[in-house]
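Right, one structure below, let's go through it.
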Number of protein chains: 2
Amino acid sequence: MSLAGLFDVDSAVTGQQVRAEPIQRRSAERLSALLDAAAEAVDAVGFDRITTAMIAERAGASIGTVYRYYPDRVAVLQALHERTVQRFRERVVEEFESSPPTTWWDVVDCAVSAFVGLYRSEPGFRIMQFADREGATLGEGTPSDDVARETGFFATRLAMVLAARFGLPDEPELIFRVEIAVEMADSLLCRAFLHDPLGDERFIAECRRVVHDYLATFYGPVVAFPGVDVSVAV
Amino acid sequence: MSLAGLFDVDSAVTGQQVRAEPIQRRSAERLSALLDAAAEAVDAVGFDRITTAMIAERAGASIGTVYRYYPDRVAVLQALHERTVQRFRERVVEEFESSPPTTWWDVVDCAVSAFVGLYRSEPGFRIMQFADREGATLGEGTPSDDVARETGFFATRLAMVLAARFGLPDEPELIFRVEIAVEMADSLLCRAFLHDPLGDERFIAECRRVVHDYLATFYGPVVAFPGVDVSVAV
DNA sequence: CTTATATGATCGAGTTCCGTTCTGTGACCA
DNA sequence: TGGTCACAGAACGGAACTCGATCATATAAG
């Protein structure tokens, strides 16, 4: 099983948020144009301030067109979220290919780099944080419970890679620990970009260190880990 | 400077979200009744499903009364958030008094216990997570930039306690590291309560371990720390 | 102590804004 | 030329928010 395969598109969780599959090619372009518009709007005004009219206008479409493809407002945001998660996975794979990982740490490093890179370049990337938490707040009758567990899903995939390719023990604990690591990294990276659009380097660096140290507690330190002193200081 | 003083009410960040200060005593009761109602509503339907009418009805007031005290819907949620943060601080102080801390770890431990305890007992406590992130998404023209930095504010206070009472070096790094720790703990504890209303013990325990290990990297391990093996395993 | 008056506090119908639906019109295909 | 796909924007409904009328309380005057 290849790295790319593990993270690939087909294995993604697909919520049925699209109302009508695009028949003509023109439609597919409209669809992505709508998501692009939503992504811009996310950066411009934030999640909640987004109006359907705003999305339609930025996409050069009309209100009706939005509702042709999505059942409601939040479905658009969910679709954007899924596309963003997908692009994140693709970006991780790209990082793998440009600098093939040789240790489990390299895998984590690639994931962090991918996250940071996309946060800087991809409009509306902050939507990553959003839906994960939001799915929980919807609480009771949410149909797509899968979406709420995106982070857990990604962690599971990542754990599989680490087990299959780098000999980490394939136990249930592995998934749990990777999820812990993902959760920590996510929060620290989001914090890094909270006020700084380029991302506060101190938080990014500390994120790498924290994740490394945490996993190294169980799976041994990586030799020649750059810039981190694992020993106890002061 | 006492522990209680460090966390006390007066030093809290006060966003001017209240439209009119209550003159008569009756008003103060109304105000807290509105927040109580909002808190119930948070648990009942989640953030976004909350309507102003819902808050008014639960509080036994009318729509107009809500808008007498708060400029808009989100201001009510922000006020609830601040009150919750305040109660969290008070709870931490209570924990301090019931079992006085003797090491820096005890302080962290109290904070975690306070967080978990309130999540279980205080209605609408999940609002903690919310506004921190949300303040950021509001982005540009937010008048109260202070509110967005609640976490950072709390971390600063906590760092002061650790420095003043437990001899941790009073450097800028301390604040930064405490903020990292708070950020990690926050995300892991929220994750613990994401699907489990009582909080997943595994995540709570791992939160304690992670925070301890991180701070111990800089400030030395705590002797006889319960149940955590600081040495590298496997 | 009673009454007058000002101001705080409350209410809820009315207004506006926004999400969503629906109907009419044009574009592509057989 | 009939039929389906795609689109636009007016129309609808509900929720956020405003505003003037009304009630409650505190202070001042008699």
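Order of the sequence lines fixes the chain letters, A, B, ..., with proteins taken first and strands second; residue numbering starts at 1 for each chain.
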| Of the nucleotides dC17(D), dA9(C), dG19(C), which one has an atom closest to the side chain of Arg73(A)? | dG19(C)

| task | Please tell me which of Gly64(A) and Ala53(A) maps to the more 5' nucleotide of DNA chain C, matching each residue to the nucleotide holding its nearest heavy atom. | result | Ala53(A)

| field | Selected nucleotide, minimal atom distance to Thr65(A) side chain, candidates dG19(C), dC7(D), dA15(D) | value | dC7(D)

| query | Phosphate oxygens OP1/OP2 of dG19(C): is one of them under 4.0 Å from a side-chain N or O of Thr52(A)? | reply | yes

| Aromatic ring proximity Tyr214(B)/Tyr214(A), centre distance under 6.0 Å | no

| remark: In whole angstroms, the gap separating P of dG8(C) from CZ of Arg68(B) amounts to 8 Å

| For Ile50(A) and dC18(C), what is the distance between atoms CD1 and P respectively, to the nearest whole Å? | 13 Å

| Is the Lys NZ or Arg CZ of Arg202(B) less than 6.0 Å from the centre of Phe176(A)'s six-membered ring, within 45° of the axis? | yes

| Nearest to the side chain of Ile63(B), which nucleotide is it out of dA9(C), dA6(D), dT18(D)? | dT18(D)

| field | For atom CD1 of Ile55(A) and atom C1' of dC18(C), their distance in whole Å | value | 12 Å

| task | Output yes when at least one side-chain N/O atom of Tyr69(B) is less than 4.0 Å from OP1 or OP2 of dA9(C), else no. | result | no

| field | Atom of Ile180(B), atom of Phe203(A) and distance for their closest heavy-atom approach | value | CD1-CD2, 3.6 Å

| message | Can you measure Met54(B) atom CE to dC17(D) atom P for me and round it to whole angstrom units? | response | 14 Å

| query | Reckon Tyr67(A) has a side-chain N or O less than 4.0 Å from the OP1 or OP2 of dT21(C)? | reply | no

| Taking 4.0 angstrom as the limit, do Arg87(A) and Glu90(A) come out as a salt bridge? | no

| message | Looking at Arg30(A), I'd like to know whether one of its side-chain N or O atoms comes within less than 4.0 Å of OP1 or OP2 on dA8(D). | response | yes

| field | Atom-pair distance (CD on Glu57(B); P on dC11(C)), nearest Å | value | 13 Å

| message | If I take atom CG in residue Asp48(B) and atom C1' in nucleotide dC18(C), what distance separates them, rounded to the nearest angstrom? | response | 16 Å

| Considering only side-chain heavy atoms of Ser62(A), which listed nucleotide, dC11(C), dA16(D), dA8(D), is closest? | dA8(D)

| For Ala114(B) and Arg91(B), which heavy atoms make the closest approach, and how far apart are they? | CB-CG, 3.6 Å

| field | Nucleotide dT25(D), atom P - distance to CD of Glu29(B) in whole Å | value | 11 Å

